[in-house]
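Along the sequence shown, residues carry numbers from 1.
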Amino acid sequence: MKTKFIARTIAIAGLLSMTAIAHAQQAQPADRVYAIDVRNEVARSGTGLCWRTGFWTPAAAASDPAGCGCDKDLLPKEKCEPAQTAAAPAPAAATPAKPAAPKKCDFALTLKDDQTFSYDKANLSATAKAALDKDVLARMASCAQVNMVVVTGHTDRIGSHQYNQELSEKRAEAVKSYLVSKGVPGDRIETMGAGKTQPASGAARCADNLSRKQLIQCLAPHRRTEVEVRGPAK
């Protein structure tokens with residue numbers, strides 16, 4: 001008696017299930033590839049499988065919204081598994097910017113001819129002092145600091161090498177003394193005497209057969225003093 005009751009219960013459940021599916025199939029759109037139940041959801045078997053309609057094909061399932069949920073293993077991988085966004089490449093390490101080269105306050109002045117010293121003398125003229133005030137000391141004011149001042153004295157070729165060497169050194173020292181008197185640190189000033197070894201380039205060639213007065217006048221461009229200043233700008 002008990003066995004007959006169980007069998008009858010199973011038969012009724014199966015009949016109800018088939019009836020529900022049949023009603024769902026009648027209610028769904030004609031081309032739907034999966035059966036829809038009364039809850040408007042895909043009908044599933046007791047094991048969770050989706051009920052397919054006669055319109056089911058792999059291609060149709062791929063275009064159906066429920067396809068991936070019902071038949072993921074039968075559909076193209078790219079359909080059911082969105083492509084992973086490629087990881088953005090790590091930004092390249094920024095190249096450290098090269099520090100800007102410090103501005104310089106380098107300049108040079110050449111006191112030409114006899115404006116620095118009278119012929120055969122090592123005493124600064126008033127003209128030379130005015131030029132040093134205007135073109136050296138005033139320009140030093142634009143420097144953050146003065147690292148070095150190089151003063152080089154030159155002579156013409158008249159006289160012996162030793163005499164001219166000593167004269168050029170005395171002239172360079174005279175310029176240094178004046179700059180120091182105006183506040184330039186003496187330990188920043190270097191003096192050099194070139195004597196008659198570095199004639200001025202581009203100067204006229206002076207013949208030795210000229211009179212002494214003419215020769216002295218002709219050789220004036222060689223009697224010069226050069227002042228070079230080096231340091232950073234403000």
Side-chain angles (χ1 to χ4, degrees), residues 95-234:
T95 302
K98 293 183 178 179
K103 294 181 180 180
K104 296 182 178 181
C105 189
D106 299 354
F107 63 91
L109 168 70
T110 299
L111 299 170
K112 300 178 181 179
D113 302 338
D114 291 329
Q115 69 177 143
T116 310
F117 304 96
S118 299
Y119 173 73
D120 199 27
K121 301 294 181 180
N123 299 320
L124 279 174
S125 65
T127 302
K129 292 178 180 180
L132 290 172
D133 290 341
K134 176 183 177 182
D135 298 321
V136 175
L137 294 169
R139 291 181 67 178
M140 282 183 180
S142 64
C143 301
Q145 67 180 36
V146 176
N147 292 339
M148 178 181 293
V149 179
V150 180
V151 183
T152 306
H154 300 268
T155 66
D156 59 28
R157 70 172 186 259
I158 300 174
S160 68
H161 173 77
Q162 181 177 352
Y163 179 83
N164 282 296
Q165 179 63 35
E166 293 175 355
L167 179 60
S168 65
E169 292 174 1
K170 290 178 181 179
R171 289 177 170 177
E173 286 294 331
V175 172
K176 175 180 178 178
S177 296
Y178 183 76
L179 294 177
V180 170
S181 71
K182 293 294 183 174
V184 181
D187 59 354
R188 304 290 176 88
I189 304 176
E190 180 180 347
T191 60
M192 300 173 61
K196 60 180 180 180
T197 62
Q198 299 177 13
S201 60
R205 298 182 64 181
C206 303
D208 290 332
N209 59 358
L210 293 174
S211 67
R212 184 173 179 80
K213 182 178 180 180
Q214 290 176 325
L215 184 60
I216 291 173
Q217 291 177 343
C218 184
L219 293 174
H222 303 285
R223 297 187 294 272
R224 67 199 191 279
T225 303
E226 298 169 347
V227 183
E228 298 177 52
V229 178
R230 302 171 189 172
K234 289 183 179 178

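- A side-chain donor-acceptor contact under 3.5 Å links R223 to the backbone of I216.
- Side-chain N or O atoms of N123 include none that pairs as donor or acceptor with a backbone N or O of F117 at under 3.5 Å.
- In this structure, CZ in R139 is found 12.0 Å from CG in L137, a value given to the nearest 0.5 Å.
- Annotation: the span from R188 atom CZ to K176 atom NZ amounts to 12.5 Å, rounded to 0.5 Å.
- Residues satisfying the side chain to side chain contact (heavy atoms under 4.5 Å, CB included) test with T197, not counting sequence neighbours, are H161, A194.
- The two residues C218 and P221 have their closest heavy-atom pair at O-CD, 3.3 Å.
- To the nearest 0.5 Å, atom CE of residue M148 and atom CD1 of residue I189 are 11.5 Å apart.
- A122 and L167 get closest at one heavy-atom pair: CB-CD1, 4.3 Å.
- Atom OG in S168 sits 10.5 Å away from atom CD in E173 (nearest 0.5 Å).
- Note: F107 CZ to E228 CD = 10.5 Å, rounded to the nearest 0.5 Å.
- Residues Y163 and T155 are not in side-chain contact: their nearest non-hydrogen atoms beyond the backbone lie 4.5 Å or more apart.
- The minimum heavy-atom distance between K234 and A141, with the atom names listed, is NZ-O, 2.8 Å.
- The shortest side-chain heavy-atom distance between V184 and Y178 does not fall under the 4.5 Å cut-off.
- Under a 3.5 Å cut-off, the side chain of D133 and the backbone N or O of A138 do not form any donor-acceptor pair.
- Using a 4.5 Å cut-off on side-chain heavy atoms (C-beta onward), Q145 and P232 make contact.
- We find the CZ-SG distance between R230 and C143 to be 13.0 Å, quoted to the nearest 0.5 Å.
- Using a 4.5 Å heavy-atom threshold, the side chains of L109 and K134 count as separate.
- Scanning both residues, N147 and G231, for their nearest heavy atoms gives ND2-CA, 3.7 Å.
- For A207, the side chain to side chain contact (heavy atoms under 4.5 Å, CB included) partners two or more places apart in sequence, or in a different chain, are N209, L210.
- In this structure, L132 and L124 have side chains that are in contact, with non-hydrogen atoms separated by less than 4.5 Å.
- With a 4.5 Å cut-off on side-chain heavy atoms, V136 and M140 count as touching.
- For K170, the NZ atom counts as loosely surrounded, since its 6.0 Å shell holds 12 or fewer non-hydrogen atoms of other residues, nucleotides or ligands.
- Considering only residues two or more places apart in sequence or on other chains, R157 meets the side chain to side chain contact (heavy atoms under 4.5 Å, CB included) condition with K196, C206, D208, L215, L219.
- Listed for the R171 side chain is no donor-acceptor partner under 3.5 Å among the backbone atoms of G153.
- A donor-acceptor pair under 3.5 Å links the side-chain atoms of R224 to the main chain of H222, judged by distance alone.
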